[in-house]
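Written out below as structure tokens is the structure these notes cover.
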Amino acid sequence: MKARKSFFILILVCLFGCWMPYVAASQDAVKVKATVLVASNEGDDFNFDNDAYRDQLIQLFSYSAYEQLDLKLLELIKSERVKMDLPDGYELLLTFQGFDGDRAMVQALIRKNNIQYVFTVLSIQSPGVVFLGGPPVGKGVLVIVLETGF
Amino acid sequence: MSQKEFLKNYYQEYLNQETHAGAVQKGKADLVKRFTPSKPIFSFEWIVPVGIFAFICLHIFWGVRPVRSLKTNLNSAIEEAAFSGSVNDEPSVKVRKVSSRVGPTMVYQKNFDHTPVTIVWVFAGHQL
């Protein structure tokens, strides 16, 4: 009887041990969808996968053309910097700093030739959408849409 | 005074004394009390005038306007719910820090179908 009880306790401990890393991993990572767009007044094309951004972009900005250059699903691990190459030599660097309650703290940096174009720390509650933009690209500007909880 | 008148006066006086005697008065009062329902202190017919009076007093002295405040609360609740989706909603994205080496930055938020979108913009090459 005593041996059976010990066996069940051992099984429970093993199950708990297997489950914990998944819990810990989910607490130490966040998934972000990064969409890279170039907005310009060259033409009037809207070329991007996620049509949900169309109305938002039209209402937010006065550019006539928007072109999607890239879309990546990134898994940000806590304290690990993730780099994403952007057009025209720009780089996007994202660092997940951890959770503050139910909000993910994400540090975002757009740089080129070691010049800091945009540096920001965002507190994001899923689902959340943020547009980072402004750096000049050709005859337009770079717009990066960061989305969580998709 | 004749005997007939004497007897008539005698009976009248007797009856008068009997009817006004203490025990008889008490018995009458008990009888009336027993078979006559006592009048309630507060009658329902007073509810309407008392209510109107209380409302006028509240209106004049404390400025209580239940109908107007109800409408105002309802309108503000509808407006707030329509604008943000919920009364207690916080923005889903908060910008804790923003800076740039190439120009001024701007942060603003706009609601799209109850979903707030945050924009962080740098005006590269522009001087403040």
Side-chain angles (χ1 to χ4, degrees), chain A residues 32 37 39 52-63 88 90 92 95 97-98 100-137 140-150, chain B residues 55 58-59 62-128:
Chain A
V32 175
L37 307 171
Y53 298 143
R54 175 189 290 266
D55 293 339
Q56 299 174 359
L57 289 165
I58 288 170
Q59 289 184 48
L60 286 169
F61 310 113
S62 57
Y63 296 102
D88 215 16
Y90 287 100
L92 171 67
T95 311
Q97 296 180 328
D100 181 12
D102 60 344
R103 291 177 167 273
M105 303 293 291
V106 177
Q107 189 187 80
L109 169 66
I110 299 174
R111 72 180 182 192
K112 181 181 174 181
N113 300 329
N114 283 328
I115 298 172
Q116 195 182 91
Y117 276 72
V118 184
F119 172 76
T120 184
V121 178
L122 306 164
S123 164
I124 307 171
Q125 189 180 39
S126 291
V129 180
V130 59
F131 287 69
L132 299 176
V137 176
V141 292
L142 192 65
V143 180
I144 295 157
V145 186
L146 298 177
E147 193 178 345
T148 61
F150 41 86
Chain B
F55 178 76
L58 287 169
H59 190 81
W62 286 291
V64 177
R65 295 174 181 82
V67 177
R68 191 186 293 178
S69 62
L70 183 70
K71 278 184 177 175
T72 309
N73 290 340
L74 193 63
N75 286 340
S76 61
I78 289 168
E79 281 172 15
E80 212 165 337
F83 188 69
S84 64
S86 170
V87 174
N88 298 320
D89 268 2
E90 279 190 316
S92 54
V93 177
K94 289 181 182 175
V95 179
R96 295 288 172 94
K97 194 175 179 182
V98 62
S99 65
S100 175
R101 295 281 176 88
V102 295
T105 54
M106 185 175 72
V107 176
Y108 63 99
Q109 282 190 323
K110 190 171 169 64
N111 282 331
F112 292 95
D113 296 331
H114 314 307
T115 307
V117 171
T118 303
I119 298 99
V120 179
W121 201 261
V122 59
F123 297 92
H126 294 77
Q127 295 301 314
L128 280 173

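Chain A is the first sequence line, chain B the second, and so forth, proteins listed ahead of strands; every chain is numbered from 1.
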For Val95(B) and Leu122(A), what are the C-alpha separation, side-chain angles and deciding distance, and is it a side-chain contact (heavy atoms from CB on, under 4.5 Å)? CA-CA 5 Å; Val95(B) 179; Leu122(A) 306 164; 3.8 Å; yes
Give, as side chain, backbone, both or neither, the part of [X] having an atom under 4.5 angstrom from any heavy atom of chain B.
X: Ile115(A); result: side chain
X: Val141(A); result: side chain
X: Val106(A); result: neither
X: Leu60(A); result: both

Using atom types as modelled and no hydrogens or angles, find all donor-acceptor pairs between chain B and chain A shorter than 3.5 Å.
from      : atom 1 : to        : atom 2 : distance (Å)
Pro91(B)  : O      : Arg103(A) : NH2    : 2.5
Ser92(B)  : O      : Arg103(A) : NH1    : 3.3
Ser92(B)  : O      : Gln125(A) : N      : 2.6
Lys94(B)  : N      : Ser123(A) : O      : 2.8
Lys94(B)  : O      : Ser123(A) : N      : 2.7
Arg96(B)  : N      : Val121(A) : O      : 2.7
Lys97(B)  : N      : Val121(A) : O      : 3.4
Lys97(B)  : O      : Thr120(A) : OG1    : 2.7
Lys97(B)  : O      : Val121(A) : N      : 2.9
Ser99(B)  : N      : Phe119(A) : O      : 2.8
Ser99(B)  : O      : Phe119(A) : N      : 2.8
Ser99(B)  : OG     : Gln116(A) : OE1    : 3.4
Ser100(B) : OG     : Tyr117(A) : O      : 2.4
Arg101(B) : N      : Gln116(A) : O      : 2.9
Thr118(B) : N      : Val129(A) : O      : 3.2
Thr118(B) : O      : Phe131(A) : N      : 2.7
Val120(B) : N      : Phe131(A) : O      : 2.7
Val120(B) : O      : Gly133(A) : N      : 2.9
Val122(B) : N      : Gly133(A) : O      : 2.9

When rounded to the nearest 0.5 angstrom, what is the spacing between CG in Leu132(A) and CD1 in Ile110(A)? 5.0 Å
Gap between atom CG of Leu92(A) and atom CG of Leu109(A) - 0.5 Å precision: 8.0 Å
So which pairs with a foot in residues 119-133 of chain A pass salt bridge (charged side-chain N to carboxylate O under 4.0 Å, His left out), sequence neighbours left out? none
Most contact-rich option vs chain B, by heavy-atom pairs under 4.5 angstrom, among Val143(A), Leu146(A), Val145(A), Ile124(A), is Ile124(A)
Do the non-hydrogen side-chain atoms of Val93(B) and Pro116(B) ever get within less than 4.5 Å of each other? no
Heavy-atom closest pair, residues Pro127(A) and Gly149(A): CB-O, 3.8 Å
